[in-house]
Amino acid sequence: MSFVSVLFLVFFPIVTALYFVAPHRYRWFILLAASVYFYMAFVPSYILILAGTIVIDYFAGRLIESAQGSRRRLYLFASIAANLGVLFFFKYFNFFAGGLVHLNILLPIGLSFHTFQSLSYTIEVYRGHQPAERRFGILALYVLFYPQMVAGPIERPQNLLHQFYERHYFELARVGAGLRQMLWGFFKKTVIADRLAFFVDPVFNNVGDYSGPALLVAVLAFAFQIYCDFSGYSDIAIGAAKVMGFDLMKNFAAPYRAQSIAEFWQRWHISLSTWFRDYVYIPLGGNRVARATWYRNLLVVFLLSGLWHGANWTFIVWGGLHGAYLIFGAATAPFRAKIIHALTLNHWPTLLKIWRTAFTFSLVTLTWIFFRAHTLANGLAIIRGLFSGWSGTWNQIFFNGSLTELLLAAAGIVFLLLVEREPTKSTLLTRIPWLRTASYAGLAALIFFLGEFTNSQFIYFQF
Amino acid sequence: MAKKIALLLCWLAVALAIFLLLGGKIKSVGRTLIPVEASRDFSYGDLYAMAEVAPLKLPIPVVRSTATSTLDTAPIIMLGDSFLNSKFETKPVPQLLAEALQRPVYAAPQTIENPLAYLRANYHNTSTPKVIIIETVERYAARRAANYATPENSAPTTLSFWQRAPAGISRHLFDTTDLDYFFAHNFLVNPTRVFLKNLNFTWLGRVDRRIGAYSLTPPMLFYFEEVEFDQNPALADHTPIAATARHIKTLGDTLQREFNLKMIYIVIPNKYTLYHDLDPHGRYNNFIPSLQTELAAAGVPYLDVHGLYQNYRATDDTQLLYFPNDTHFTGLGKTLLVRALAAQLTTRLIDF
């Protein structure tokens with residue numbers, strides 16, 4: 001079930017009402033049943049795949065906890081192999097088979113997300129940070145919890161499991177905060193992301209038909225489309241969970257305000273970047289190793305991150321570029337500091353900040369080209385095309401979307417950047433409650449007035 | 001006080017959800033909660049149903065009529081899409097043609113994708129030479145022609161209870177078609193939704209995404225599939241057009257050989273093909289003229305409706321050939337088609 005659907009408009013209030021009306025001891029079951037229905041609304045039969053991995057992880061967790069010595073590791077490897085095996089089969093088999101064999105299978109929606117969430121459970125049990133879950137239904141709920149099961153945030157057992165045992169009361173302030181976050185997510189998805197899609201999809205689907213101006217608009221539009229689409233999903237997920245009393249981890253923190261690629265990854269898809277940090281990067285040695293090993297670690301993590309997104313060279317290049325940026329950034333940090341000092345740019349902190357932010361955004365946007373392109377050749381054609389046809393082809397921009405739509409999308413982006421400022425800053429909205437309520441009512445009106453409801457899918461559903 | 005209002009809003013949201021669930025899942029309940037605006041005697045058109053903007057809310061009279069001829073006895077068989085079945089302003093084309101020729105004309109059901117499969121299952125009178133008129137709207141011409149060449153679907157297999165039951169349960173639980181429709185059209189949501197659509201149209205010139213282009217002078221809506229089809233340069237290439245003509249030629253030869261049926265092929269132009277000059281960004285990839293050139297080269301008999309309509313517009317553009325708020329042709333469009341078709345049938349093809 002998509003968040004942007006009539007079915008969710010029916011599902012969410014009814015499930016939330018049932019959740020609060022039901023006695024505490026039955027609430028987990030209501031949530032589990034609702035989550036199963038939520039997932040089955042996509043493709044019913046795929047629930048069996050999830051059920052299989054949940055059963056394996058349940059017993060793996062119990063066995064890891066009760067076993068000693070090498071047996072613990074054996075059970076952990078069995079769990080990892082089972083989870084990654086399912087992921088490999090559905091997502092990567094055809095890619096690694098290289099055309100020799102082709103299985104006609106569809107990728108279960110959100111498989112990469114719940115595989116990683118399941119893995120974090122058995123790994124944390126193995127590490128002794130989390131006791132094995134005794135109740136099968138609660139572990140199933142941990143994997144299937146509907147707000148975040150399809151596209152994250154990828155939760156950790158320490159943060160989420162205990163919350164299913166806690167008694168949540170209907171608190172208006174909390175419900176209001178959750179609904180406001182959901183509303184903001186809906187705004188980002190329907191008003192900005194899906195409007196930007198008019199300028200992105202036709203261009204990336206027919207690269208050869210477009211030249212410089214249209215390609216540039218499409219590339220910039222995709223940078224904001226993917227942010228608004230994915231962070232919009234996260235906002236709705238976190239908000240929906242908050243309404244019911246659950247705290248999910250933050251997934252985005254104004255990533256396009258980052259002043260370096262390293263900072264970008266502290267702000268973008270935080271639940272995935274910290275997953276890779278905790279379960280891949282640090283076990284490889286992190287940065288407390290020789291410089292060459294450190295660089296290798298960075299590259300490995302980002303190549304894996306690219307592969308996590310999809311079985312396509314475009315994603316691997318996307319991840320590889322981010323890894324290369326970080327390595328280059330780390331290698332040249334002292335040199336760049338000297339240049340800034342020599343040019344006395346450190347006396348102009350605002351200018352320096354603007355330059356760093358713009359440069360980081362440009363680097364990230366360059367990688368998005370490969371992320372969105374269908375093939376590597378397509379991505380390279382876009383980069384080449386960006387430098388061509390800058391005279392007389394401006395009308396291509398409006399081929400699939402009018403000037404009105406472009407202006408509305410641009411206004412939406414400006415509004416987004418103004419609203420998503422550094423969270424510590426106090427604004428009129430945070431000081432005057434009625435103004436805040438009025439502004440959210442206005443936001444709801446904008447969604448109904450300007451929202452695009454023709455595309456209910458989110459970009460990250462494919463992962 | 002503020003808390004009470006907030007709590008009330010929460011309960012209203014739950015009540016609305018239950019209202020939608022009941023109306024969307026129980027048809028007898030849903031029907032009573034949807035305001036009925038249309039009548040059996042007129043329609044507002046399929047494009048208005050998408051756009052729902054006031055300037056295009058123009059009633060189209062619907063003519064009630066029933067055909068009586070049968071497939072095996074009628075000397076002329078017509079097989080096509082909704083254009084053949086359109087009852088707007090006049091009787092459908094097959095009945096108009098029957099009146100013009102004073103001969104029975106059989107209109108096959110409009111859902112048939114592969115004429116050969118349909119005839120093999122239903123047509124038995126192969127000893128008498130007859131005429132079959134195959135019609136398609138332009139935007140589906142290439143796809144339908146490809147269908148003619150694909151192997152026929154095997155007879156539907158009978159599913160066991162254990163195969164039917166899960167599919168039925170799944171459809172009942174997860175299919176949201178009725179729910180989506182009820183949400184958009186129930187008496188609570190519909191007025192606000194239509195008001196917002198009109199506000200968007202008036203203030204920003206925005207219409208429903210399914211409308212690919214529109215004009216206000218004269219008022220005219222265009223379906224997005226037509227606009228995309230007509231502006232797609234790939235469809236102007238020789239290769240797909242030649243393949244389409246080849247499939248149509250094969251179909252005609254097979255109809256003659258297997259059923260003793262002489263085929264006349266008709267491509268009804270997209271409304272956008274004929275009126276794209278009303279769109280400032282309008283352009284046409286010349287699909288029909290290119291296809292007809294290929295058909296002529298292959299010796300396939302066809303009726304040039306595109307040329308017919310263009311000539312009409314060139315000499316007298318005072319009356320519309322297509323409805324402003326519907327994808328289909330007007331009574332005038334039908335009449336011109338029927339006259340030309342009757343002339344072609346009587347003078348060139350069959351001896352009645």
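Letters A, B, ... mirror the listed sequences (proteins, then strands); counts begin at 1.
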Tell me, for [X] versus chain B, whether the close heavy atoms (under 4.5 Å) come from the side chain, the backbone, both or neither.
X	value
A/Leu450	both
A/Met1	neither
A/Leu9	both

B/Arg31 atom CZ, neighbour heavy-atom count above 12 within 6.0 Å: no
[X] versus [Y]: any side-chain heavy-atom pair under 4.5 Å?
X	Y	answer
B/Asn186	B/Leu20	yes
A/Phe12	A/Tyr146	yes
B/Tyr214	B/Asp208	no

Engaged part of B/Arg206 at the chain A interface, taking heavy atoms whose separation is under 4.5 Å: side chain
Short side-chain to backbone donor-acceptor contact, B/Arg193 and B/His185, under 3.5 Å: no
Tell me if the centroids of the rings in [X] and [Y] come within less than 6.0 Å of each other.
X	Y	result
B/Phe287	B/Phe229	yes
A/Tyr169	A/Phe20	no
A/His168	A/Phe246	yes

Residue selection (most heavy-atom pairs with chain B, distance under 4.5 Å) from A/Asn206, A/Val175, A/Leu172: A/Leu172
Partner chain B: residue of A/Thr437, A/Leu7, A/Val10, A/Leu408 with the largest heavy-atom pair count (under 4.5 Å): A/Val10
Residue selection (most heavy-atom pairs with chain A, distance under 4.5 Å) from B/Ile18, B/Leu199, B/Asn200: B/Asn200
Contact list for residues 215-225 of chain B, test salt bridge (Lys or Arg N to Asp or Glu O under 4.0 Å), sequence neighbours left out: B/Arg139-B/Glu225
Contact listing (chain B partner; residues 30-38 of chain A; heavy atom under 4.5 Å): A/Tyr37
